[in-house]
Amino acid sequence: MDILIPLIALLPIAGFLFTAAVGRRLGKRAHIVPVAAVAIAWVVAMVVVFTAVTGGFGDEGRTVKLWDWIPAGAFHIEAAFFVDNLTAALLIVVMTVGLLVHIYSIGYMSHDPGYWRFFAYLNLFMFSMLLLVLGDSWLTVFVAWELVGLSSYLLIGFWYRKHSAALASKKAFIVNRVGDVGFALGIMAIWVNTGTLNIRDSIGALTGPTSMGTTGTLAAALPIPIWVIALLIFAGAMGKSAQFPLHVWLPDAMEGPTPVSALIHAATMVNAGVYLVARANPIFASAPEAMVVVAGIGIFTALLAASIALTQTDIKRVLAYSTLSQLGYMFAALGVGAWTAAIFHLMAQGFTKGLLFLASGSVIHAVHDEQDMRKMGGLAKKIPHTYRTMLIGSIGMAGIPLLAGFFSKDEILGETFKAGFYWVWAIGVLVAVMTAFYMFRLIGMTFWGESRVDATVEPKIHESPAVMTLPLWLLAVPAVLLGLLLSWPGPPLGPLFGQTGPGLLAGWLEPVYAQGLEILGRREADFAIFGIDGVLILISVAVAVIGMLAAWRLFGVEVGGLRRRGDPEEVRALTARVPFLYRASLNKWWFDEINHVLFILIGGRVAAFLWWFDANVVDGIVNGIGSVTRRSGGGLARV
């Protein structure tokens, strides 16, 4: 088993190196080694996952040391991998979605001249995320953190001759550096406080038993307060997982090929921040001030992104802002201590959002690279496999029973309510209505009604090949069944069969969160999967249905003789009633424009002034003193 764990990450990097070296000569066969490398890594990962979740590694997990990386006196870093049940949960999503994205890309990228380069980058991205998840030290995680950023830069800007793609890749890279500075400072603060960068050892030193034998923080004795460390770690998570105000890079990441969007949004980059905070849960539990910040920023991001998704017309941008919103849900859960619910939502959204992005790519493929939903419509009968799978994903996103999104979203809402964060719950319910509305607006504009496709493209519309539709159906299975599986045998279905207790995922993650829950003074039973009251369930389902019906009324079709009154004129009339809100949503609340003013115009002028001051005042003084000194020295020498 110790041999298998490193193989999970080493196989993709081997595929990257091979394809980077000889991929150009392989032409259209360049996908064989990268896909095979990920497929074998998936098999190995599932063996490791099964061993972990069945107790083969025990509650403490398994560490595999490779070599002494930095032996420098007290600063000693090992190159090592670590697997526990939290790692296993992430591996399920990363490996499965990653493999299906690789397979899908064979069809989607088949005519691209950079075919070999694309698969090389995909393997590098997989290696980076796997190294991040498996890393046993903060420094290993940080190296992987930066490699994930590099991989996203390469893939978002894959079509680098396209100006918008080049700008989007730079934007993603630069915005993430802001958060990475905070994460780097947090790692330094951990070293100052504990003298170790091993993740588990440092967390234990920061939050372990005090001299009195009770569990809690040692805040009074720490050179750097633990709440500062928690916020610095969260700063890194804000960048990778695109939380306000570092959210602006993610929608522009749609400039990359659609499989890249699926990989970023479902399996790799954006999940990194959620994983980081979940892994550091005892640190956050010891800093309640920081947890409130996490919850507040998370739920605000959920609301902000959902409000923008309501009016977007680019099919991929709707899904991008949906990702932002659902990530906000996850951070809201992390901020209230519902860590199991956050990982549950990460897993459910991984498969659901992977399905939706790949389905959107199939739509774009069918209408010859058109992404504007106003130029679609009536596609349901022309691309039935794409339509049915995207409808499944949209129902799951809306939170309709009994799909995976229903279980995970309602678990978050229920746990925030039970934890006393009523304001988070109320905003979360509002976001749930908006989510159901914009997802079925997308379905209506894309698949229902009369065709608005360009007349020259209409005769050419066709379903995607099997290599693209098969991954859609394979992703649809967990999008439907994962919630039932991970919540079994706990509420709400368990009592129907005479079973009680926490669900499957809660049982897996109980050892991971035991210390954090003890610090918070909570029991794991309080955070059993779907342990919420029936009234809260009914409220959540009701608002989802309301959002769906509102979208159907405006963008749907007649069903079973039921008539709808919605048409383009009615939509325009409704938006005319709230012109400011509509413009704000359509223009993404002008955050890009605000950033341009703050950091390009004002910041640029400040930087130009500082350069002038340095060149003319500072250098002038130094050079003047030097000149006077030389002349004085020359005069003294002559004397």
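Owing to the predicted nature of the structure, the values given are computational and were not obtained by experimental measurement.
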- prompt: Should the pair F357 and H265 be assigned to parallel (<30°), tilted (30 to 60°) or perpendicular (>60°) ring geometry?
  reply: tilted
task: Taking all heavy atoms of M95 and all of V38, pick out the closest pair and write down the distance.
output: CE-O, 3.7 Å
pair P34-L122: side-chain heavy atoms closer than 4.5 Å: no
message: Run the side-chain contact (heavy atoms from CB on, under 4.5 Å) test on K240 and L276 for me, step by step, so that the C-alpha distance in whole Å, both residues' side-chain angles and the decisive distance to 0.1 Å come before the verdict.
response: CA-CA 10 Å; K240 283 292 182 287; L276 183 69; over 6 Å; no
Qualifying residues under side chain to side chain contact (heavy atoms under 4.5 Å, CB included), relative to V192, sequence neighbours excluded: P223, I224
message: A quick test of your reading: do over 12 heavy atoms of other residues, nucleotides or ligands sit less than 6.0 Å from CZ of F613?
response: no
- prompt: Which pairs with one or both residues in residues 604-616 pass salt bridge (charged side-chain N to carboxylate O under 4.0 Å, His left out), sequence neighbours excluded?
  reply: none
- line: The complete set of salt bridge (charged side-chain N to carboxylate O under 4.0 Å, His left out) pairs with one or both residues in residues 161-170, sequence neighbours excluded, reads K162-E255
query: Quick one: ring pair (Phe, Tyr, Trp, His ring centres under 6.0 Å) pairs with a partner in residues 273-328, sequence neighbours left out?
result: F244-F300
task: Give every residue pair that meets the salt bridge (charged side-chain N to carboxylate O under 4.0 Å, His left out) criterion with at least one member in residues 262-289, sequence neighbours excluded.
output: D84-R279
- prompt: Do the ring planes of Y115 and F119 sit parallel (below 30°), tilted (30 to 60°) or perpendicular (above 60°)?
  reply: perpendicular
Please report, to 0.1 Å, the donor-acceptor pairs under 3.5 Å made by any side chain of residues 66-73, with sequence neighbours excluded.
residue, atom, partner, partner atom, Å
D68, OD1, K65, NZ, 3.0
D68, OD1, H76, NE2, 3.3

task: Grab the two heavy atoms, one from I5 and one from L134, that are nearest each other, plus how far apart they are.
output: O-CD1, 4.1 Å
message: Checking I264 against I156 for the side-chain contact (heavy atoms from CB on, under 4.5 Å) test, could you report, in this order, the C-alpha distance in whole Å, the side-chain angles of both residues, the deciding distance, and whether it holds?
response: CA-CA 9 Å; I264 289 175; I156 294 169; 3.8 Å; yes
Check: S322/Y438 side-chain N/O donor and acceptor closer than 3.5 Å: yes
- request: Sort and list the pairs that fulfil side-chain hydrogen bond (donor to acceptor under 3.5 Å, both in side chains) and have at least one residue in residues 128-148, not counting sequence neighbours.
  value: S128-S151, D136-N198, D136-R200, S137-T140, W138-S202, W145-D180, E146-R177
- prompt: What residues, two or more places apart in sequence or in another chain, satisfy side-chain hydrogen bond (donor to acceptor under 3.5 Å, both in side chains) together with D372?
  reply: R374
task: Please name all residues satisfying salt bridge (Lys or Arg N to Asp or Glu O under 4.0 Å) with D619, sequence neighbours left out, ordered by chain then number.
output: none
task: List in chain and number order the residues that pass side chain to side chain contact (heavy atoms under 4.5 Å, CB included) with L185, two or more places apart in sequence or in another chain; answer none if no residue qualifies.
output: V181, M188, L232
- prompt: If we ignore angles and hydrogens, is there a donor and acceptor under 3.5 Å between the side chains of S152 and W249?
  reply: no
query: Can you say whether the rings of F158 and Y121 are parallel (under 30°), tilted (30 to 60°) or perpendicular (over 60°)?
result: perpendicular
query: Residues two or more places apart in sequence or in another chain: which of them pass side chain to side chain contact (heavy atoms under 4.5 Å, CB included) with A278?
result: L86, L334, I343, Y513
task: With sequence neighbours left out, write down each residue that passes salt bridge (Lys or Arg N to Asp or Glu O under 4.0 Å) with K171, or none if nothing qualifies.
output: D252, D592
task: Mark yes or no for whether K316, through its side chain, and M254, through its backbone, hold a donor-acceptor pair below 3.5 Å.
output: yes
message: Has T311 got a side-chain atom pairing as donor or acceptor with L586's backbone, closer than 3.5 angstrom?
response: yes
